[in-house]
Amino acid sequence: MYNVRMMRRAAACFLFLAAGVAAGQTYDLVLRGGRVMDPESGLDAVRDVGISGGVIRAVSPGRLEGKTVADVSGLVVAPGFIDLHRHGQDPLTYRLQALDGVTSGLELEIGTDDVAGWYAAREGKTLVNFGTSVGHPPIRRAVTGDTGRREATPEEIAEIGRRLDEGLRLGAPTAGFGLAYTPAASRLEIMEMYRIVARHGAVGHVHMRSAAGGGSPVEALQEMIAVAAVTGASVQVVHINSTALKYTREMLEMIEGARARGLDITTEAYPYTAGSTSIQAALFDTWIDKPESEYRKLMWTATGERLTRETFLKYRKTGGRVIVFTNTEDMVDAAIEHPLTMIASDGVGYQDGTGHPRSAGCYARILGHYVRGKKSLTLMEALRKMTLAPARRLEHRVPGMRDKGRIRPGADADITIFDAATVIDRSTYEKPAEPSAGIRHVLVNGTFVVRDARIVDGAAPGRPIRAPILTR
Ligand SMILES: [Zn+2]
């Protein structure tokens, strides 16, 4: 009896909903007459988009009605951009990334050793969706008390592994590795960690070993291919642009070859010829005996000055960030334009307005420079690299990602609306916090965070991107 009543109620409810649609439903918000582009279905046409309860409910060639209607004719309506590599996780960088079209920003490279605390600190307070990996570097530092330059004992490796496992149980979407920052982590230690990653069906995002130690980035990639083959884990090679350098094409070919043999290895890049990191990082340990000209490749972010051997040694004692100009346009283009490569900013936080332009301009730069300027990417292909591909990378372990990176009924209303004719980055090495231009409106879970190219003050619709939490 109880079940029959339940079924009747459900049937009545369904009929009511169906009638509502047929009679011309009024949505919370309608985006009217934009050029809707969805990389999953290939849809590229003028449509109305109806949104209610933070979710896309209808994508229609006919006119939809809404309590609020935004005329977006002449603009592209795309899934919100998903950045898998974003260290800056503070209010200023959230604002700049929203103005660059990013609706989900995740710190998946270095990550945290306190997954629960990291999420709790942001819940209900952020402009955009957020997430973090559980990080091998911070865990290793906490366990060994060392900066990555000392080999860990078997007991320490066991404890690092235990904490990595714990972080994955707490719902970190992925595990993060920074082998260039922990050069003393042995190949066996890393193999052991990826066994844990594999058990959770997670991806291990890795900044591979540094070529600075005399090795080659090709060998660093060979290590990760072996790790994937031996452990069965998924691997995301972060910023192939700044890691592969002159071997960019060859290393992309290696990844293609590994994938053709069934290994799950993917990669990402950011569209700049310079990187940015701490001058005290272990990857600069081998820089003390470089020819004088090499130091000119380093820019001290606090002042904009190029370094000499003398100032390099001086600042290495005090600590701070440097911009590292070690790449060429040709290598970066090869990385960005390759079909395997996702776009990810590696955006860092700002210190007194100094930082790296990628934190504010990465995505608009792809749209303005590569799609409109060079025409080396189609708009749809660029959007795929910025939305669908990163969503798919996480959705095996984070089911909620199946409803991101798409414009279709049932998808989260994370939407970026921009003018394809004018969108462009404006941040530079000298002025790295200039917001991008041409990003007109941005919705996160159905709420405007950018409206008419301005941040909506007080909006905090961002939600955690997190895998299911496992109880013991
Ligand atoms: Zn990195």
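Keep in mind it's a predicted model, so treat the numbers as computed, not measured. In listed order, ligands and their atoms are each counted from 1. Both backbone and side-chain heavy atoms feed into the values below; hydrogens, waters and symmetry mates do not.
Note on residues 436-450: pairs passing side chain to side chain donor-acceptor pair (under 3.5 Å), not counting sequence neighbours, are Asp100-Ser436, Asn129-Asn445, Asn445-Arg463.
Below 30°, between 30° and 60°, or above 60°: for Tyr270 and Tyr272 the angle between ring planes is between 30° and 60°, a tilted geometry.
Distances from the Zn ion (ligand 1) to the N/O/S atoms of His207 are shortest for ND1. Within Glu109, the N/O/S atom positioned nearest the Zn ion (ligand 1) carries the name OE2. Checked against the Zn ion (ligand 1), the N, O or S atom of His239 at the shortest distance is NE2.
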Give the table of side-chain donor-acceptor pairs shorter than 3.5 Å for residues 130-139, with sequence neighbours excluded, one pair per line with atom names and distance.
unit_1, atom_1, unit_2, atom_2, d
Thr132, OG1, Glu107, O, 3.4
Ser133, OG, Leu108, O, 3.3
His136, NE2, Glu189, OE2, 2.8

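With 2.8 Å as the limit, His85 does not count as an N, O or S neighbour of the Zn ion (ligand 1). Because the distance cut-off is set at 2.8 Å, Asp346 fails to qualify as a neighbour of the Zn ion (ligand 1), as none of its N, O or S atoms comes that close.
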Begin from the C-alpha positions of Glu294 and Lys297 and carry the test salt bridge (charged side-chain N to carboxylate O under 4.0 Å, His left out) through to its verdict.
-> CA-CA 6 Å; Glu294 286 293 295; Lys297 292 179 178 171; 3.1 Å; yes
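Under a 4.0 Å N-O distance rule, the pair Arg259/Glu256 does not qualify as a salt bridge.
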